[in-house]
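See below for the structure under consideration.
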Amino acid sequence: MADKLLIGISAQGATVGYWRERKIVECRTFASDEAGQAGFKEHLAQFPTVPVHIVVDAVEEDYRFETLPHAIGSDRAEMVSRKLKQHYRNTPYLSAWLLGRDSGKRRDDRYLFSALTNPELLGDWLQAVIARGLPVAGIHLMPMVTAGLLDKLAVKATNLLVVAQHAGGLRLTFFRDHQFRLSRLTRGESGKAESNTRYFTDEISNTRLYLHALRTMTLDEPLTVALIDRGDALQEAAAGIARDNPGLECVRFGRRDLADRLGLDEALLEASPYAIYLHLLGLKEPHSNLAPASVTVGYKRYQARRGVYAGCAALAAAVAIWSGTNLYFAWMLRGDTEDAGRRTAQLSSEYLEVTRQFPRAPTTAENLKKAVEIGQRLRESTHSPQKMMALVGRALEASPAIIVREFGWKYGTTEISTDGARARAPATSAAPAPVATSTGPASSRKESALIEGEVRPFRGDYRSAIAAINGFAGRLAAQPEVAEVQVVKLPLNVNPALSLSGNTLDNPEQSGSTADFKLLLVFKPGA
Amino acid sequence: MNQSDLQALRTPLLVLLAVLVAGALAIYFTAQLMTAARQQLLQQQAQLKQAQVRLQKSGDEKDIIVRYLDRFRQLESTGFIGEEQRINWLDGLRLANQQADLFGVDYQIGGQKPYPFAAEFNPGQLALNQSLMQLRFRLLHEGDLLRFFDALARQGGGIFTVDQCLLRRIDTRGVIRFQPNVSADCELSWITARIGAGPEQRKP
């Protein structure tokens, strides 16, 4: 838990308690004079940036219980602010505490308005704190802090009056059903035990009358008085109170008892009457913070800084966990890798041992097998013009008028060119070699041939010449392995799109005209 | 939040920024370490599996070596495996010319190139190459072409494929005697295999 500086301020002076590890480790009191102020400032100089919590014990305090129409958000804030200004015009130290909703039909909001009506009481002390740059977390009235005492005292009473002797007088705080209702600080103190008893009894009686007048509690109702006796000097007073007020139960809490219940050092209890309240303030921040925003701005920045630093710490922790997890997994994976490496090396050495018994080979078994299989497949897949020549030969036997002058053959992914023979010659074809793997599988290659020839004898009878060529082509096309036969060129172009000229008197034998043709023959892939 | 609030929070925000940057870097680098370690493990596991399979199949490997070694040596001696044996090819041409009773063969051999149809054979670590040979010769008749190729194949000078041929009838003006009647222009691919450059062959 963070360190705190707890300051109790009264008209008589200030008590400063340094809170560390859930307890007050140092407590000093400063009188309300120049020396006290100087000592106070000097004492504050020890604490660089510790948040300050202030409790004020003053006569000049005011409490009002009021109900306001139920509202939320800015409407509520505006209404409450207006109400506070209406009640307390001359002090910046005021507060509104929403107690709950009314049980009536309207279910109004119940508020406790409280204020320190003498701001000058705080003036110099608070100025010293702010001048020192210490963040002020809150300013609270003593009765609000006293509410925290009820749980510690564990007194089960509907009407409970906590009575304690303070530096400024006797503080009587009334709680009904554990809820604050009234508090008084009476000036005056008696030294003798006898007059002390009278003084206590009178003030308790006055308080009862006052409560009765306020209709907070009737005189007939039982009341429990919790007498805070930090100096173990009120045994007789407690007995006297009980004796003089039969309808009243008085429970005294001595120094040891208080120290045990609060977990407080007895020496601190003796040092200052405010040690109890500073301890309670350190344990829990009460409601009803009187400090205006101009006073708590430093604390808000302090909180924001701490929030950011806490975020940094959380982030760093998350990063550390994340990175640590990554490193752990990386380490585990490396371990697995090393293990796999060792096993691989072991298997490799076993394999080497086995291979020593192998016949000596120029390469791996896989390469041996592949090389032999590829060689075999290449030999088996070798193509030559033989098949196509045989097919053409068979067709020629049935076509004696067809004379072949040129026979071009190709085995490739493309068909043989149907251009002039010179262009098709291998030496000049520049081998339009298929591009590496873009050519596709073996079955995409096919055999093709270009047959150039003439019809002989030819006596100018184009009809019979063309019929002979077509017959020859038809015989070729009838073979099962043939995919396509295309007549590329005929002796006479009968295409109606082209012009045609000649002389019927010309003697073809004398004029040298021939019935030339060209046939493209393509085998099916894989044939 | 005003200017003075920001001023008050400057140091914590700078610290936060530094933590963010340092944290991001730490996470990034440790994640990189983990990723690298995972990849190394995957690689090592693959090698381990390979070693396991290799050891398991070592018996098969021995059988394969015994089964294929002789034929491999034979292919090596013919020149299919290893460096090109162009002298063997020329010797083969000369002998085939004699055996087919041709009238001489003109040849021209091009530079060695990767065999474009290598992928069809899934050569693995083998690199298949080809050298194109242009042949020009004259024949008594068309049948001599096939006899010539048969004779060339029998010489054992390597493996070749015939890519294209052009046969052209020579005008002898009707004279019948032992003379060339057909001219032939052919293109052959001499194919060789070399061990060790397979991947490039597969991915030209």
Side-chain angles (χ1 to χ4, degrees), chain A residues 301 304-305 308-309 311-312 315-316 319 322-323 326-327 329-330 333-334 336-337 340-341 343-344 347-348 350-351 354 358-359 361 363 365 367-372 374-375 377-379 382 384-386 389 405-411 424-427 431 433-437 439 441-442, chain B residues 5 8-9 12-13 15-16 19 23 26-27 30-31 33-34 37-38 40-41 44-45 47-48 51-52 54-55 58 61-62 64-66 68-69 71-72 75 80-81 116 119-121 123-126 132 134 142 146 149 159 161-169 185-187 191 193 195 204:
Chain A
R301 286 175 186 163
R305 278 198 300 271
V308 175
Y309 282 131
C312 289
L315 192 63
V319 166
W322 193 338
S323 302
N326 284 351
L327 286 173
F329 279 117
L333 289 168
R334 279 198 184 143
D336 291 348
T337 306
R343 286 169 59 201
T344 306
L347 289 173
S348 296
E350 285 177 27
Y351 174 75
V354 170
F358 285 6
T363 183
N367 284 345
L368 284 178
K369 188 180 176 189
K370 280 239 183 252
V372 171
I374 289 171
R377 280 181 61 194
L378 276 169
R379 280 197 170 119
T382 298
S384 77
Q386 183 181 9
M389 284 169 71
R405 287 205 303 265
E406 279 188 19
F407 175 82
W409 173 90
K410 182 183 176 184
Y411 177 62
R424 288 193 318 272
V435 180
T437 54
T439 51
Chain B
D5 289 337
L9 289 175
L13 289 174
V15 172
L16 178 64
V19 170
I27 288 170
T30 54
L33 279 176
M34 193 172 68
R38 185 172 286 129
Q40 281 177 355
L41 176 62
Q44 192 59 55
Q45 282 175 336
Q47 287 177 9
L48 174 63
Q52 283 171 335
R54 200 168 51 181
L55 184 61
S58 56
E61 203 176 336
K62 186 181 178 184
I64 289 169
I65 291 171
V66 170
Y68 288 95
L69 184 59
R71 282 190 278 174
F72 182 86
L75 286 171
F80 171 63
I81 294 165
E120 296 171 6
F121 299 93
Q125 292 181 325
L126 297 177
L132 293 180
Q134 310 286 347
E142 295 85 355
L146 305 174
F149 286 140
I159 295 176
T161 62
V162 183
D163 295 335
Q164 51 186 323
C165 270
L166 176 65
L167 300 177
R168 193 176 294 117
R169 193 180 295 280
D185 292 290
C186 290
E187 182 183 283
I191 301 168
I195 294 163

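Heavy-atom basis, side chains included; hydrogens, waters and symmetry copies ignored. So you know, we letter chains A, B, ... as the sequences are listed, proteins then strands, and number each from 1.
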May I ask you to name which of [options] has the most heavy-atom pairs under 4.5 Å with chain B?
options: A:A340, A:G311, A:S348, A:S384; value: A:A340
options: A:N326, A:V319, A:L378; value: A:N326
options: A:T344, A:V354, A:T382; value: A:T344
options: A:R334, A:R305, A:M389, A:R343; value: A:R305

Given that the side chain runs from C-beta out, which part of [X] has a heavy atom under 4.5 Å from chain A: side chain, backbone, both or neither?
X: B:A193; answer: neither
X: B:I27; answer: both
X: B:L16; answer: both
X: B:I81; answer: side chain

**Message:** Given heavy-atom pairs under 4.5 angstrom as the criterion, report whether the side chain, backbone, both or neither of A:V372 touches chain B.
**Reply:** both
**A:T363 versus chain B, the contacting section by heavy-atom distance below 4.5 Å** = side chain
**Item:** Nearest-0.5 Å distance, CG of residue A:L368 to CG of residue B:L69
**Value:** 6.0 Å
**Asked** Given the rule in the side-chain contact (heavy atoms from CB on, under 4.5 Å) test, do A:R301 and B:D5 qualify, once you have shown the distances and angles that lead to the verdict?
**Response** CA-CA 7 Å; A:R301 286 175 186 163; B:D5 289 337; 2.5 Å; yes
**Message:** What I'd like to find out is whether the side chain of A:I374 reaches to under 4.5 Å of the side chain of B:F80, using heavy atoms alone.
**Reply:** yes
**Prompt:** Are the side chain of A:R377 and the backbone N or O of B:E120 linked by a donor-acceptor pair below 3.5 Å?
**Reply:** yes
